[in-house]
A.B. asks: 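Shown below is the structure under consideration.
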Amino acid sequence: MNGRRFDSSLIIDVKKCRFNRVQVIICKPLGKKFRPFPTSFWLMCPYLIKLAGKIEAQGGVKELENFLIKNKLEKKWREYNFLHQLKRLNLMNKNQAVFMRKFHRNIFRNLIRGGVGGIHYGFDSVNVKCLHLQTASFIALNHHPGAEWLKSKGLCPDTCCKQVC
């Protein structure tokens with residue numbers, strides 16, 4: 001997992017493909033010792049990981065940004081990131097949230113301000129980071145403002161290769 005060991009205690013749930021293989025894991029916002037985990041959704045499908053990396057290397061992030069802007073989806077993009085903020089807060093145990101808000105305000109504030117992948121997004125621009133995050137979010141939430149673009153690139157829930165998984 002990107003060269004580091006994944007803490008399996010972070011897993012809340014999984015989304016599976018039609019071959020019953022894990023495509024995305026849904027993660028707790030906080031790990032051991034209240035250490036924040038950067039994203040709620042983690043792409044696991046080897047085929048989609050490879051495909052997202054290939055498209056990213058060909059300028060896919062900028063292409064998705066341009067698609068969102070060209071199709072006047074900036075407002076939907078902001079709403080999507082806000083949905084991620086709410087999702088992260090709802091994934092947090094209520095006692096943890098109270099504890100974090102009271103004793104670790106800065107960490108708590110950063111956790112709930114993060115959009116897709118825990119990244120802080122501006123209100124005036126469309127800033128996309130990492131197609132792996134976008135794909136995982138699309139699969140986990142079953143929607144994305146750039147769904148049409150993601151589907152056109154094969155980065156969607158229905159894309160899976162049994163031989164690779």
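Atom set for the values below is all heavy atoms of this structure, side chains included, hydrogens, waters and symmetry mates excluded. Everything quoted here is computed from the prediction, not taken from an experiment.
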A.B. asks: Measure the shortest side-chain to side-chain distance between Leu48 and Ile139 over non-hydrogen atoms and say whether it is less than 4.5 angstrom.
C.D. replies: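 In short, these two side chains touch, coming nearer than 4.5 Å.
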
A.B. asks: Do Val116 and Lys129 have side-chain heavy atoms sitting under 4.5 Å apart?
C.D. replies: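 Side chain of Val116 against side chain of Lys129, heavy atoms only: no contact under 4.5 Å found.
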
A.B. asks: Does a side-chain heavy-atom distance below 4.5 Å link Lys153 with Glu63?
C.D. replies: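 Yes, their side chains come closer than 4.5 Å.
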
A.B. asks: For residues Pro145 and Leu68, determine if any side-chain heavy atom of one lies less than 4.5 Å from a side-chain heavy atom of the other.
C.D. replies: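 In short, these two side chains touch, coming nearer than 4.5 Å.
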
A.B. asks: If you measure from CH2 on Trp77 to CG on Asn71, what distance do you get to the nearest 0.5 Å?
C.D. replies: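 The CG atom of Asn71 is 14.0 Å from CH2 of Trp77, to the nearest 0.5 Å.
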
A.B. asks: Once you measure the plane-to-plane angle for His104 and Phe99, does it fall in the parallel (<30°), tilted (30-60°) or perpendicular (>60°) bin?
C.D. replies: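 Plane angle between 30° and 60°, so tilted.
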
A.B. asks: I'd like to check Lys87 versus Phe41 (side-chain heavy atoms, cut-off strictly below 4.5 Å). Are they in contact?
C.D. replies: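 Heavy-atom side-chain distance check passes, below 4.5 Å.
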
A.B. asks: Using the side-chain contact (heavy atoms from CB on, under 4.5 Å) rule, take Leu150 and Cys156 through it: C-alpha gap first, then chi angles, then the decisive distance, then the call.
C.D. replies: CA-CA 6 Å; Leu150 290 165; Cys156 59; 5.6 Å; no

A.B. asks: For the CD1 atom of Ile25 and the CG atom of Leu10, what is their distance to the nearest 0.5 Å?
C.D. replies: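 CG of Leu10 is found 7.5 Å from CD1 of Ile25.
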
A.B. asks: Could you tell me which residues satisfy side-chain contact (heavy atoms from CB on, under 4.5 Å) with Lys54, sequence neighbours excluded, listed by chain and number?
C.D. replies: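 In terms of side-chain contact (heavy atoms from CB on, under 4.5 Å), with neighbours along the sequence ignored, Lys54 is linked to Gln58.
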
A.B. asks: Is any side-chain N of the basic residue among Lys75 and Glu79 closer than 4.0 Å to the acidic one's carboxylate O?
C.D. replies: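 Yes, charged N to carboxylate O under 4.0 Å.
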
A.B. asks: With heavy-atom distances below 4.5 Å as the criterion, would you say the side chains of Val14 and Met44 are in contact?
C.D. replies: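 When only atoms from C-beta onward are counted, Met44 and Val14 do not touch, as no gap falls below 4.5 Å.
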
A.B. asks: Can you measure from CD1 (Ile12) to CD1 (Ile26) and round to the nearest 0.5 angstrom?
C.D. replies: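 Reported to 0.5 Å precision, the distance equals 7.5 Å.
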
A.B. asks: Taking the side chain as every heavy atom from C-beta outward, state whether Gln134 and Leu155 have any pair of such atoms under 4.5 Å apart.
C.D. replies: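 When only atoms from C-beta onward are counted, Leu155 and Gln134 do not touch, as no gap falls below 4.5 Å.
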
A.B. asks: So do the side chains of Met92 and Leu30 get within less than 4.5 Å of each other, counting heavy atoms only?
C.D. replies: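 They are in side-chain contact.
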
A.B. asks: Ring centroids only, cut at 6.0 angstrom: are His144 and Tyr80 within range, meaning strictly under it?
C.D. replies: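 So the answer is yes for these two rings.
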
A.B. asks: Is a side-chain donor or acceptor of Asn142 paired with a backbone partner of Phe138 at a separation under 3.5 angstrom?
C.D. replies: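 Not a single qualifying donor-acceptor pair exists.
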
A.B. asks: Transitive ILVMFWY cluster of Val98 at side-chain heavy atoms under 4.5 Å: who else is in it?
C.D. replies: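 Its cluster mates, by chain and number: none.
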
A.B. asks: I'd like to know whether Cys45 forms a side-chain contact (heavy atoms from CB on, under 4.5 Å) with Arg21, so could you lay out the CA-CA distance, the side-chain angles of the two residues, the decisive distance to 0.1 Å, and finally the verdict.
C.D. replies: CA-CA 8 Å; Cys45 171; Arg21 307 280 188 183; over 6 Å; no

A.B. asks: Output, in order, the C-alpha distance, side-chain angles, deciding distance and verdict of side-chain contact (heavy atoms from CB on, under 4.5 Å) for Val126 and Val128.
C.D. replies: CA-CA 6 Å; Val126 173; Val128 173; 4.2 Å; yes

